[in-house]
Amino acid sequence: MASNDDDLDIADRMLLAKPKFLASIGGDSASVSSMPTTVTAIAGGGDKGDDTPIFSKRKMTLRLPKDYSGDLLHLTVCKNWLVCLMAAPQPSSQVTLFRFFLLRTLPPLEISLEKYLAGYKIGKLFLDYTGHHILISLIPKSPGLSADFLYVHGSGNKVRRIEKFKDHEITSVAFNYELGTESTTGPILLGTSKGLIFETELTLEADKPLYRKQVYDLGLGRPKYAITGLEFRHVPHTAGQYIVVATATDCIFTFQGHLRMEERTLQPIFNAYLGGTQSHGYEVAKTDMKYSVLQFYAQPNEKYPAQWGWLCGSGLRHGEVVQSSIKDEKFLLGENLVPLDKDLEQRRHLSYEEKRLNVPRAFVLTEYHVLLMYHDHITGICLLDQSVVYEEYFHEQMGKLLNIFQDPFTGNIYVYTEKMVFNFKVSEEQRNIWKIYLNMGSYEMAEIHAAGNGEHLNAVLLTKAHAAFDQKKYIEAAKIYAETQMPFEEVCLKFIDLKEKRPIITYVKKRMETMPPEADEQLFVLVAWLIDLYLTEINYPGRTPEEKKQWQMEYDEFMLNFSVIKCYRANRTAIQDLITQHADDHNLAQFAIANEDYDEVLQQHIGAEKYLEALHILQKQKNIELYYKYCPTLIEYLPKETIELMMLQGRKLNVQKLIPTITTIDSPLHISEIIKYLEYCIYNLGETYQAIHNFLIRLYAEHQPAKVMKYLENEGQDITLVHYDVNYALLVCMDFNIQVACVFLYSLRKLWPAAVDLALTFDIKLAKETASKPKDEKVKTMLWLKIAYHEIKDTNDVKKALDLLKECELLHIEDLLPFFSDFEKIDDFKEPICQALKEYNHKLQELQHDMEDVSKQAERVQSDLQNIRENCIRIEAHEQCNGCDTFLLVKPFFIFSCGHKFHADCLEKLVIPHLTSDQARRLTMLKQQLENMLTQSVAMADKSNESKYKREKVKQEIEEILAADCVYCGLMIETIDQPFVEDWDQVNVDWE
C-alpha cells in the first residue's frame, strides 16, 4: 500500500503485475470508476499554492482467487497485513478468511470458517500489532448456544477454538505492544460484553497451556455493560509505568500502574483499584446510543499514542495523551468536544435507528483532523475549529459502508464497504493549521505552523503585532513589528508620537539587527538616530538619577554592539559631532574610548587634573606605549596607585624605558614606591638589566642603607653572576660610607688586602672572616699577618698573639715574634715555643717512620719479584684444556697460577662475552692489525727486529685483554650477580 503520490497505488500495482489470482469485490474497476459520487473537499492553500484536497480516497483491488465472489463482512489492517472475512453469496453461508501482505503480489492465505460458524454470526475481528495473531469473536444466532472465540495464526491455516472463553462474548482486545511477537501475543487484555476484563496469552504452539485470569470488572452489577474499547500502553521514558483505557457505552475508565514485564502478567495494574486504595478515572457521558468507539492516534512507527478520541453520545471527545511520567490519574488530557449533530436535541421524537443515521458509527484520528464515518458518507473535521474540510458520500453501487480504521503501524487509513476497499491519502493536512490558530488568537502555535512559509509567517506576526499595539503593549508590539515585512516608515509613524520613546528605540534596534552587512548607509542612519534618541533620554530634564542610570546602561550596551562599533568607527567625525551637540562630556569621553583614542582621552583627563580617571583609562586600554608616556606624570600625583598598576602589567612593561623618567623623582614617598617597583622587577620578574640593579643600589645606599647588604648577599659571591656593576656599587657604598658593603665588594673583586685593611678599621671579627676566605694559603697567611700586626704592634699583647695562633693554623710563633719589641722577655713565649718544638719533633718522627715503612715495602717487592722468576709450573703430556676437554699441548695455550689451563682460542671464546663493548672493539681491532702485519711480513719477507717488536707488542696487548684474569676464578665470579638470561621475551618466543 502506497502512502504518497510517488508510490504506485495498490490497485495499479496489482494490474501491472497480472497475478494468477485476480478479482475485484463487487465488480471490475471500470464499473466502479463510472459510478456517480459526491465529493466535497476544502482544498489546500498550501505553500505552493496547489488546490490538492487534504483527504482523497483510492480504490484498492484485493488479489482474491479468480473464481471467488462474495461480500466483505469484516476487514482490518496492521503493519501492512490485511485480514478480511468474506461471505459467499446466498444461499451459501460459507465465510472465508483471507490474509494479504499489501507490499507484495503474493497469493493470500485462505481459510474456510464454515464448520466453526454453525449457529453463530461473527461479532468482531481483531488483528495484533505484528499482523500475525487473528482473533474472531462469535455471537450465537439461536438460543442454547453461548458465545465463542476463535484464534488463527497468520503463518498457518489452522483455526483454534479458545474454550476458556466459551461463555464470554469478546468485544474488545488490548494487544501487548512490548512483548508481542510473531509467535506469541504476550499478555493481552480481553474485554467482554458483560464488562469483564480478562488477561490471557495466545501463542503459535497449540499444545501450550492457555490461561484465563479475570483482572477487573466494569459491569458495576449491570448484566449488559459491554466494553467497547480497550487500550494498553507503556508510558515512554518511565521505568515500567503502564496505562489502560477502557470504554463502555457511556463511560470511560482509566488505570495506571507499574509492571515488571519479566513477570509476564498485567494484574498489578489493577491491584490497587481492586483493594480500594486507588480509584480509576471514571467519567460518564450522557447518551442514548448503544455503542461508543475509542481510538488512539500515534505517529507512524511509534507505539505510544499522542492523541485520544472517544466517540460517545455527547459527541467526539478528544485530547492529548501524557508523554512522560504520570503523577496522578489524569493522563488523558483535554476536554475538547466535537458535537456530532447539533439538531439532535430537536429530534427526540425520532426512533433510535433514525437518530443513528445522523451520528457517526466510527472514526479515525489524524494529527489535526478526524474522519467520521456515517451510514452513507465520510466527513473530515478539523479538531481545532471543528470546520468541515472533507465530505464524500458513498452510493448504493459501492455497497453499504461498514467501517473506517487506521493501520497503527503505518498510519494508513482504510474504509471498506460490502463490495470495495478504499485507501485514504492525507496530503499536507497541516497547511491551514497556522490560519486556524491565528483566528483562535493562539499566535505562538500559529508561528510554529507558519514557520516554513514567509508569507504566512508575516501575516501571523502582523496580526500579533497589531493586537499587542491595540492592547497598548507597545514594546512587545515593537519587537514583533521588527520581524514583519511592514514598511519601516509606516511602523515608525505608529510609535513616533508616543511620549515614551522606548518602543521606537526597541523597534529601530531590532530592525538594525536584521539589516544585511552591506547596507552601510542605512545602518549609519539607524545608528545615528538611536544615539540621538538615547542621549535625549539620558539628558532629558527631570530625570531621576536612577532613571538616568538605567538609560545610560542601555546606551552603553548598545554602543558595544559589533555592528554599531563598525558603523561609528567608519563615521567617527559625524557621530562625535552628534554627541558634542548634546554637551555630554561623559559619553563623549566614552566614545573616544570606544574608538580606542586613549591618547586623547588621557590628555583630556590629565589636563583637567582628573588623575584617578586617567589612571583607570590607562588600565583599561592595551597600548603599552601609553604607559611609558603617562606613568611618569601619574607617579608624581598618584605614586602608590600608579606603581600598583605598573606591577599589574608585569612583563608587558619594559622597565628600561621607564628608568630615565623615574630617576628624576626624589621625594621620600615617591622613592619608597619606586624602590618597591624595582624590587618587584628584580625579585618577581627576574630583571637582569644592569642599570636597574645599579639604580636600586643607589636608592638603597641613599635612602635604605640597611638593605644594601641583603641585596648584595642575594646576588651571591660569584662576580661573574652578579647583575650590578661592582665598581659602581663600590663607589656608591664608599660615597655613602657603607663600610660592610665595601668590604664585601673588595672581597668580591679579590682585593683581599684592601678588604682586610678596611675591616680592621671598624670590625676585627669581619677582618678575620675576610682573611679566612682566600683559598691560597700564602695570601691567607699574609692577611692573617696583617691582622696580627694590627693586634700586636705597639701593644706587645702576648695573649692576643696566642689567640691568633689558635684561630689560624697557618700562623706560627716564629711569624709573630718580629712584631714584638726587642725588649720583650722570652719567658712569655716559653710555652708556645716549646709547643712548636714538640710539634716539629713529632713531625720528624712521623717522617722517619714513613721512610722505614717505604724501605721495608721495597725489600718485600724485590723478594716477590725474585720468587716469581724462580717459579715454574710442570705440565704433563695428558693435561687437558679446561674449556674443550682436549689435549692441551696440541695448540697454543695459557696457564694461570690458579691451575686452570685453556687453549688460546678456547680462552678467547670464554672471555669475549664478559668483555665490555670498548674492550671487544679493541680486541677485534688488534687481531685485525696483527693479521695485517703477518700478511705484510710474509709478502715482503720482512724479518727485521723492528717488525718483530711491533708484532710482539700487539700480541702482548691482546694477551693482556684475554689473559688478564682466569675466566673461572676471576671473570665469572665478578659477574655472579648478573642474570643468566637478559631477554626473557626472546626466550619465551624461542621456547614456543
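Residues Tyr297 and Gln295 have side chains that never bring a donor and an acceptor to within less than 3.5 angstrom of each other. Between the side chains of Tyr211 and Glu199, at least one donor-acceptor pair of N or O atoms lies under 3.5 Å. Checking Lys213 against Thr265 by side-chain atom types alone, a donor-acceptor pair falls below 3.5 Å. A donor and an acceptor atom, one from each side chain of Ser112 and Thr96, are nowhere located under 3.5 Å apart. Between the side chains of His133 and Tyr151, at least one donor-acceptor pair of N or O atoms lies under 3.5 Å. With hydrogens and angles left out, the side-chain atoms of Thr52 and Glu428 include no donor and acceptor closer than 3.5 Å. Under the 3.5 Å distance criterion, with hydrogens and angles disregarded, no donor-acceptor pair is assigned to the side chains of Asp128 and Thr185. Glu367 and Gln430 are not linked by any side-chain donor-acceptor pair at a separation below 3.5 angstrom, with hydrogens and angles left out of the test.
Annotation: Phe232 is not in aromatic contact with Phe175 [ring centroid separation under 6.0 Å not met]. Ring centroids of Phe55 and Phe424 are separated by 6.0 Å or more, keeping the two rings apart. A ring-centre distance under 6.0 Å is found for Trp81 and Phe101.
Between the CZ atom of Arg264 and the CG atom of Leu259 there is a distance of 12.5 Å, given to the nearest 0.5 Å. Between the OG1 atom in Thr200 and the CG atom in Leu189 there is a gap of 10.0 Å [rounded to 0.5 Å]. Taken to the nearest 0.5 Å, the CD1 atom of Ile413 stands 6.0 Å off from the OG1 atom of Thr366. Put simply, NZ on Lys59 and NZ on Lys419 are 11.5 Å apart, with the number rounded to the nearest 0.5 Å.
Scanning both residues, Ser427 and Pro53, for their nearest heavy atoms gives CB-O, 3.7 Å. Between Gly154 and Leu109 the shortest heavy-atom distance is O-CD2, 3.6 Å. When all heavy atoms are compared, the tightest approach of Val159 to Tyr116 is O-OH, 3.2 Å. Looking at every heavy atom in both residues, Arg212 comes nearest to Phe198 through CG-CD2, 3.6 Å. Taking both residues in full, the closest heavy atoms of Ile227 and Ala246 are given as CG2-CB, 4.5 Å, listed atom of the first, atom of the second, then distance. Nearest heavy atoms, Gln406 versus Leu365: OE1-O, 3.3 Å.
Checking side-chain atoms of Gln386 against main-chain N and O of Leu337 turns up a donor-acceptor pair under 3.5 Å. No donor-acceptor pair under 3.5 Å is formed between the side chain of Lys121 and the backbone N or O of Ile139. No donor-acceptor pair closer than 3.5 Å links the side chain of Asp217 to the backbone N or O of Ile197. A donor-acceptor pair under 3.5 Å links the side-chain atoms of Arg63 to the main chain of Leu106, judged by distance alone. For the pair Arg99 (side chain) and Ile111 (backbone), a donor-acceptor distance under 3.5 Å is absent. Under a 3.5 Å cut-off, the side chain of Tyr120 and the backbone N or O of Leu145 do not form any donor-acceptor pair. Checked by atom type and distance alone, the side chain of Thr184 never pairs as donor or acceptor with a backbone atom of Thr181 at under 3.5 Å. Remark: the backbone N or O of Thr247 is paired with a side-chain donor or acceptor of Thr228 at under 3.5 angstrom. A side-chain donor-acceptor contact under 3.5 Å links His153 to the backbone of Ser155. Formation of a donor-acceptor pair under 3.5 Å by the Asp71 side chain with backbone atoms of Ala87 is not found in this model.
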Start with the C-alpha distance between Phe165 and Leu190, add both sets of side-chain angles, then the distance that settles side chain to side chain contact (heavy atoms under 4.5 Å, CB included), and finish with yes or no.
CA-CA 10 Å; Phe165 293 94; Leu190 304 179; 3.5 Å; yes
Yes or no on side chain to side chain contact (heavy atoms under 4.5 Å, CB included) for Leu202 and Ile162, after CA distance, side-chain angles and deciding distance?
CA-CA 9 Å; Leu202 303 174; Ile162 309 302; 4.1 Å; yes
Show, in sequence, the C-alpha distance, side-chain angles and deciding distance for Val370 and Leu372, and conclude whether the side chain to side chain contact (heavy atoms under 4.5 Å, CB included) test is met.
CA-CA 6 Å; Val370 58; Leu372 299 170; 3.9 Å; yes
Test Ile170 against Leu138 for side chain to side chain contact (heavy atoms under 4.5 Å, CB included), laying out the working first.
CA-CA 8 Å; Ile170 305 302; Leu138 302 182; over 6 Å; no
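Other residues, nucleotides and ligands place no more than 12 heavy atoms under 6.0 Å from the NZ atom of Lys400. Counting non-hydrogen atoms of neighbouring residues, nucleotides and ligands closer than 6.0 angstrom, the CD atom of Glu110 exceeds 12 such neighbours. For Glu205, the CD atom counts as densely surrounded, since its 6.0 Å shell holds more than 12 non-hydrogen atoms of other residues, nucleotides or ligands. The environment of NZ in Lys158 is sparse: at most 12 heavy-atom neighbours from other residues, nucleotides or ligands sit within 6.0 Å.
The salt bridge (charged side-chain N to carboxylate O under 4.0 Å, His left out) check on Glu429 picks up nothing, with sequence neighbours excluded. For the side-chain hydrogen bond (donor to acceptor under 3.5 Å, both in side chains) test, residues two or more places apart in sequence or in another chain that qualify with Trp310 are Ser292. Considering only residues two or more places apart in sequence or on other chains, Glu231 meets the side-chain hydrogen bond (donor to acceptor under 3.5 Å, both in side chains) condition with Arg233.
Side-chain contact between Pro140 and Ser146: absent, with no pair of heavy atoms (C-beta onward) separated by less than 4.5 Å. You'll find the side chain of Ile54 reaches within 4.5 Å of the side chain of Arg431, heavy atoms only. Side-chain contact between Cys84 and Tyr416 is absent, with no heavy atoms from C-beta onward closer than 4.5 Å. Under the 4.5 Å side-chain criterion, counting only non-hydrogen atoms from C-beta, Phe98 is in contact with Phe100. Put simply, the side chain of Phe409 reaches to within 4.5 Å of the side chain of Asn301, judged on heavy atoms. Between Leu85 and Leu75 there is no side-chain heavy-atom pair separated by less than 4.5 Å. Residues Gln307 and Asn336 have side chains not in contact (no heavy-atom distance under 4.5 Å, counting atoms from C-beta outward). Ile378 is not listed as a side-chain neighbour of Glu391, based on a closest heavy-atom distance of 4.5 Å or more.
For the side chain to side chain contact (heavy atoms under 4.5 Å, CB included) with Phe331, the qualifying choice from Gln256, Gln241, Gln323 is Gln256, the only one to do so. Shown are Leu102, Val77, Asn423; of these, the side chain to side chain contact (heavy atoms under 4.5 Å, CB included) with Asp407 is made only by Val77.
Ring-plane geometry between Tyr216 and Tyr273 is classed as perpendicular, the angle between the planes exceeding 60 degrees on a 0 to 90 degree scale with a lower cut at 30. By the 30° and 60° cut-offs, the orientation of the rings of Phe394 relative to Phe422 is perpendicular. Taking the six-membered ring for Trp and thresholds of 30 and 60 degrees, Phe255 and Phe253 have nearly parallel ring planes, at less than 30 degrees apart. The aromatic rings of His377 and Tyr374 lie parallel to each other, their planes meeting at an angle below 30°, with 60° marking the opposite boundary.
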